[in-house]
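A quick write-up on the structure given underneath.
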There are 2 protein chains.
Amino acid sequence: MSRSHPTPKPSAKRETILDAAQTAFLEVGYAATSMDGVAARATVSKATIYAHFESKDLLFAAVIRRRCDRSDAFAPLADKADARSTLRLVGRRLLDLLLQPDTLAMYRVVVAESARQPDLARAFYESGPGAGKAQIAAVIAELIQRGELAGVEPWQAADLFVGMLRTDLFMRTMLGLPQPEGRTIEAAVEAAVETMVRAFGR
Amino acid sequence: MSRSHPTPKPSAKRETILDAAQTAFLEVGYAATSMDGVAARATVSKATIYAHFESKDLLFAAVIRRRCDRSDAFAPLADKADARSTLRLVGRRLLDLLLQPDTLAMYRVVVAESARQPDLARAFYESGPGAGKAQIAAVIAELIQRGELAGVEPWQAADLFVGMLRTDLFMRTMLGLPQPEGRTIEAAVEAAVETMVRAFGR
DNA sequence: GGAAAACTAAACCCCGCAGTTCAGTTTCGG
DNA sequence: CCGAAACTGAACTGCGGGGTTTAGTTTTCC
């Protein structure tokens with residue numbers, strides 16, 4: 001009776017499969033991942049996978065979407081700090097997140113498949129960069145309201161700030177290139193924060 | 001006597017094949033490109049391709065490297081302009097380049113294959129982002145020397161500037177998402193330039 | 001003009017992999 | 001405790017694609 005695939009209800013097996021698939025997809029990419037491989041990794045029979053997911057494409061989509069949904073929102077800020085230390089904290093958190101191996105892998109694989117699965121690209125953007133930007137814009141809006149910053153729209157400032165965090169360090173790490181010695185996360189955050197304060201500080 | 005594949009000497013057929021391969025790889029990615037497809041597009045027999053290139057991998061590498069080599073260096077600047085207009089010009093050029101469909105396609109495909117072909121990732125970085133950064137750093141160094149800018153190292157400033165150009169607009173375009181109305185290239189450049197001048201202008 | 005080198009077209013090998021089937025076993029709800 | 005549903009494992013289908021071969025045709029260059 002072809003009980004097909006209604007709203008993805010959580011189940012132990014289902015999660016196991018998703019975990020294995022996530023590992024594989026993020027590690028070697030979509031094309032290089034085989035369903036037999038996923039089955040083996042999940043210690044599950046291939047038939048079971050196809051009982052839970054219609055196709056490789058949809059399994060992939062489910063993996064990405066799950067990871068997007070549970071994207072941990074930024075913890076609320078300890079208020080009342082000045083612009084410099086607030087931005088420092090936010091920037092540090094963001095850059096830490098961006099440089100995590102899983103985050104980078106996710107970025108790579110979504111970028112690679114974005115043409116083939118446009119709706120996935122959208123979901124990724126909205127729950128990742130989009131959501132992050134919104135939260136940072138909110139923080140900046142408050143800094144402006146408190147008179148700590150001035151002369152920009154919050155949204156624009158967030159865009160600039162995030163841009164300054166996602167620099168060479170990010171690009172090189174994402175491409176798997178060795179890092180030149182001195183360029184640490186702290187230094188990158190510091191440079192971005194300093195620039196923001198200089199340009200828009202009171 | 002296995003006359004294998006010595007130093008890639010340019011030949012008409014060879015270029016034809018590379019052109020076709022480039023189109024295919026950039027359009028649909030590495031995995032989704034078939035050698036039969038490339039042969040058809042180049043109106044060349046598959047055997048000829050394999051007479052020129054050992055394997056699909058090496059053909060791909062040749063495509064990427066060729067595109068890297070001929071990456072057009074920035075034209076020299078009309079000197080003696082102030083920081084604002086100089087940065088405006090440089091920023092505009094860079095962002096125009098970054099948003100070209102071919103550039104984006106290249107970025108996507110290299111990111112996707114970077115894990116599988118690390119040396120390609122390196123070549124790409126060095127001839128693309130790396131070279132660009134160096135040139136912009138040089139421009140900024142001159143602006144500093146002329147006293148137009150101050151308070152940053154050229155290299156760091158270039159990093160920040162490029163970061164501010166490669167923002168939401170870039171990310172969304174790369175993912176193939178529709179652009180929100182107002183965000184034009186000019187606006188993005190303007191914001192980055194203004195921030196630079198505010199932060200580091202004399 | 002003629003031989004060597006380049007090229008073509010098409011068949012061919014082979015393998016990996018998406019997806020299916022099925023007979024038998026385990027799990028689980030009532 | 002029983003029956004249904006979930007799961008297993010392994011075999012099987014089908015196909016697309018990387019790479020090779022061959023026999024014949026064109027190009028090149030002396």
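In what follows, chains are A, B, ... by sequence order, proteins preceding strands, each numbered from 1.
Using a cutoff of 4.0 Å between basic side-chain nitrogens and carboxylate oxygens, B/Asp96 and B/Arg92 are scored as salt-bridged. The existence of a salt bridge linking A/Arg66 and A/Asp19 is confirmed by a sub-4.0 Å separation between a basic side-chain nitrogen and an acidic carboxylate oxygen. In summary, B/Asp159 and A/Arg166 do not engage in a salt bridge, as defined by a charged side-chain N under 4.0 Å from a carboxylate O. Taking a cutoff of 4.0 Å between a charged side-chain nitrogen and a carboxylate oxygen, A/Arg67 and A/Asp102 qualify as a salt bridge.
In this structure, a donor-acceptor pair under 3.5 Å is present between the side chains of B/Ser85 and B/Asp82.
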Do nucleotides 9-30 of chain C as a string where each nucleotide becomes B, S or -: B if the base has a protein heavy atom under 4.0 Å, S if just the sugar-phosphate does, - if no protein is that close. B-------SBBBB---------

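Rounded to whole Å, the distance from CD1 on B/Ile49 to P on D/dG18 is 10 Å. Taking atom NZ of B/Lys13 as the reference point, atom C1' of C/dA5 lies 13 Å away to the nearest angstrom. Atom CZ in A/Arg14 sits about 11 Å away from atom P in D/dC7, given to the nearest Å.
Judged purely by atom type and a 3.5 angstrom limit, B/Arg88 has no side-chain atom pairing as donor or acceptor with the backbone of B/Glu190.
Within residues 20-29 of chain B, no residue is approached by DNA chain C to less than 4.0 Å at the level of any non-hydrogen atom.
Note that A/Arg172 lies in the cation-pi zone of B/Tyr125, set by a 6.0 Å cut-off to the ring centre and a 45° limit from the axis.
Considering CD of B/Glu126 and CG of A/Leu177, their distance stands at 8.0 Å, rounded to 0.5 Å. How far CG of A/Leu94 is from CD1 of A/Ile136: 4.5 Å, rounded to the nearest 0.5 Å.
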Filtered N/O pairs between nucleotides 25-27 of chain D and protein, under 3.5 Å:
none

Test A/Ser127 against A/Arg65 for side-chain contact (heavy atoms from CB on, under 4.5 Å), laying out the working first. CA-CA 9 Å; A/Ser127 83; A/Arg65 277 189 222 283; over 6 Å; no

Stepwise side-chain contact (heavy atoms from CB on, under 4.5 Å) check, B/Phe161 with A/Met164: CA-CA 7 Å; B/Phe161 186 49; A/Met164 286 191 285; over 6 Å; no

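Bending across the helix from C/dG1-D/dC30 to C/dG30-D/dC1, expressed as the angle between its end axes from five pairs apiece, amounts to 30° (10° rounding).
Among pairs with a residue in residues 25-35 of chain B, those fulfilling side chain to side chain donor-acceptor pair (under 3.5 Å) read B/Tyr30-B/Asp57, at least two apart in sequence or across chains. Among pairs with a residue in residues 164-183 of chain A, those fulfilling ring pair (Phe, Tyr, Trp, His ring centres under 6.0 Å) read A/Tyr107-A/Phe170, at least two apart in sequence or across chains.
Side-chain N/O atoms of A/His52 include one lying less than 4.0 angstrom from OP1 or OP2 on D/dC7.
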